[in-house]
Amino acid sequence: MGNLNLITIVIIAANVLISYKGFSDYGFFDRYKFQVGSVQRGEKIRLFSSAFLHVDTQHLLFNMLTLYFFANTVLWSLGTVGFLFIYIGSLLFGNVLSLYFHKNEYHYSAVGASGAVTGILYSAILLEPNMSLYLFFVPIPIPAYVFGVGYLLYSIYGMKNRIGNIGHDAHFGGAVGGYIITLFLAPSLFQEHLLMVVLLAIPIALLYVLKKAGKI
């Protein structure tokens with residue numbers, strides 16, 4: 001948290017401008033949202049463009065606030081290029097996982113920067129596992145490692161039970177993207193924060209096992 005870095009300002013501005021264009025222009029929104037059938041027909045741009053569209057102002061505000069709170073942790077540790085790798089990589093990880101889980105639902109659609117933002121959040125958790133997180137509905141600080149594991153487990157539960165109008169698979173995929181790319185860029189974390197690396201790997205392995213067993 002602190003002063004906004006230029007790249008954070010650019011990303012937030014892009015999300016705001018494109019989202020507000022989508023709010024007032026349904027044709028634009030429909031053309032660039034994530035939709036399984038359209039992506040499978042070759043419109044791969046939707047895997048990227050959908051992450052700059054949002055359902056409404058509240059959706060946009062929540063994602064941009066989360067990005068604001070955690071962007072600097074990643075920027076300070078990995079620099080602008082590393083930050084961009086994580087943001088864009090997590091964006092794509094999230095939508096590709098969503099495509100995989102919904103590949104037979106041709107009309108399934110989604111929008112939002114949640115995958116990219118969740119990737120930044122999980123990168124920050126890996127880099128600073130001892131920090132505390134405050135949630136809007138929980139008035140006490142939550143250790144990053146507790147939130148990190150708990151949220152992934154909740155995402156698996158949400159995917160399995162189709163809870164709410166939420167892209168749990170995109171969130172999970174974004175978190176995995178942030179996790180993998182951060183470890184690739186900063187392999188020293190295997191020594192510095194090995195416990196955090198292992199703890200976050202458990203829900204990822206669990207999702208794989210459940211999927212292979214046909215439980216999700």
Side-chain angles (χ1 to χ4, degrees), residues 1-22 32-34 39 44-55 57-100 110-129 131 133 144 147-148 151-152 155 166-189 193 196-197 200 203-204:
M1 198 163 53
N3 295 328
L4 280 172
N5 183 281
L6 177 60
I7 192 62
T8 310
I9 294 172
V10 169
I11 290 173
I12 290 175
N15 273 277
V16 170
L17 292 172
I18 295 171
S19 290
Y20 270 88
K21 170 67 173 173
Y32 292 108
K33 69 182 180 182
F34 173 86
V39 173
K44 301 297 191 292
I45 186 63
R46 292 174 182 263
L47 292 171
F48 182 79
S49 62
S50 60
F52 293 89
L53 293 167
H54 289 80
V55 172
T57 302
Q58 182 179 355
H59 185 206
L60 172 64
L61 181 62
F62 182 82
N63 277 334
M64 294 305 99
L65 277 175
T66 305
L67 178 62
Y68 166 74
F69 284 124
F70 297 101
N72 278 350
T73 300
V74 179
L75 283 161
W76 289 334
S77 297
L78 302 178
T80 299
V81 174
F83 176 88
L84 285 173
F85 267 121
I86 292 168
Y87 190 90
I88 296 171
S90 299
L91 180 163
L92 295 173
F93 261 87
N95 279 337
V96 167
L97 189 68
S98 188
L99 180 65
Y100 174 71
V111 293
S114 299
V117 171
T118 305
I120 294 297
L121 168 59
Y122 272 77
S123 177
I125 289 173
L126 270 177
L127 293 165
E128 297 289 344
M131 67 179 174
L133 296 137
F147 175 87
Y151 186 75
L152 288 182
S155 294
I166 300 172
H168 296 287
D169 32 41
H171 293 183
F172 196 100
V176 172
Y179 174 85
I180 292 173
I181 298 170
T182 299
L183 290 176
F184 177 79
L185 295 174
S188 61
L189 292 173
H193 302 311
M196 189 74 252
V197 172
L200 289 180
I204 298 172

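Just so it is clear, the values below take in all heavy atoms, side chains as well, and ignore hydrogens, waters and symmetry mates.
- Proximity of F147 to L121: side-chain heavy atoms (C-beta onward) are separated by under 4.5 Å at one or more points.
- Note that CG of L6 is 10.5 Å distant from CG of L75, once rounded to the nearest 0.5 Å.
- You'll find the side chain of L91 reaches within 4.5 Å of the side chain of F52, heavy atoms only.
- Contact of the M196 side chain with the L126 side chain is registered, since non-hydrogen atoms from C-beta on lie closer than 4.5 Å.
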Between N15 and L67, does a side-chain contact (heavy atoms from CB on, under 4.5 Å) hold up when you go through it step by step? CA-CA 11 Å; N15 273 277; L67 178 62; 5.5 Å; no

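- Separation of atoms CG (L97) and NE2 (H171) is listed at 12.0 Å; rounding is to 0.5 Å.
- When all heavy atoms of A113 and H54 are compared, the closest pair comes out as N-NE2, 3.3 Å.
- Taken to the nearest 0.5 Å, the CZ atom of F70 stands 10.5 Å off from the OG1 atom of T118.
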Give the C-alpha distance, both sets of side-chain angles, the deciding distance and a yes or no for side-chain contact (heavy atoms from CB on, under 4.5 Å) between F93 and I180. CA-CA 10 Å; F93 261 87; I180 292 173; 4.1 Å; yes

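- Counting heavy atoms from C-beta outward, K21 and L17 have side chains that stay 4.5 Å or more apart.
- Among all heavy-atom pairs drawn from F172 and P203, the shortest one is CZ-O, 3.7 Å.
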Please step through side-chain contact (heavy atoms from CB on, under 4.5 Å) for the pair I120 and Y87, ending with a clear verdict. CA-CA 6 Å; I120 294 297; Y87 190 90; 3.9 Å; yes

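- Qualifying side chain to side chain contact (heavy atoms under 4.5 Å, CB included) partners for A110, counting only residues two or more places apart in sequence or in other chains: F34, Y108.
- For G177 against S90, the heavy-atom pair with the smallest separation is C-OG, 3.5 Å.
- The distance from atom CG of L61 to atom OG1 of T66, rounded to the nearest 0.5 Å, is 9.0 Å.
- Residue N5 holds its CG atom at 12.5 Å from OH of Y68, rounded to the nearest 0.5 Å.
- By the side chain to side chain donor-acceptor pair (under 3.5 Å) test, T182 pairs with S123, sequence neighbours left out.
- Heavy atoms of other residues, nucleotides or ligands lying less than 6.0 angstrom from OH of Y151 number more than 12.
- Counting heavy atoms from C-beta on, the side chains of V39 and N95 never come closer than 4.5 Å.
- Considering only heavy atoms from C-beta on, Y179 stays 4.5 Å or farther from L152 through its side chain.
- Expressed to the nearest 0.5 Å, how far CZ of R46 lies from CG of L53 amounts to 10.0 Å.
- T57 pairs by the side chain to side chain donor-acceptor pair (under 3.5 Å) definition with Y20, not counting sequence neighbours.
- The shortest heavy-atom contact between L127 and T73 is CD1-O, 4.1 Å.
- A distance-only check finds no donor-acceptor pair linking the side chain of T8 to the backbone of A71 [under 3.5 Å].
- Listed here is the closest heavy atom pair of P129 and A144: O-CB, 3.4 Å.
- Here the side chains of I125 and M131 are in contact, with some heavy-atom distance below 4.5 Å.
- The two residues A175 and Y122 come nearest to each other via the heavy atoms CB-CD1, 3.6 Å.
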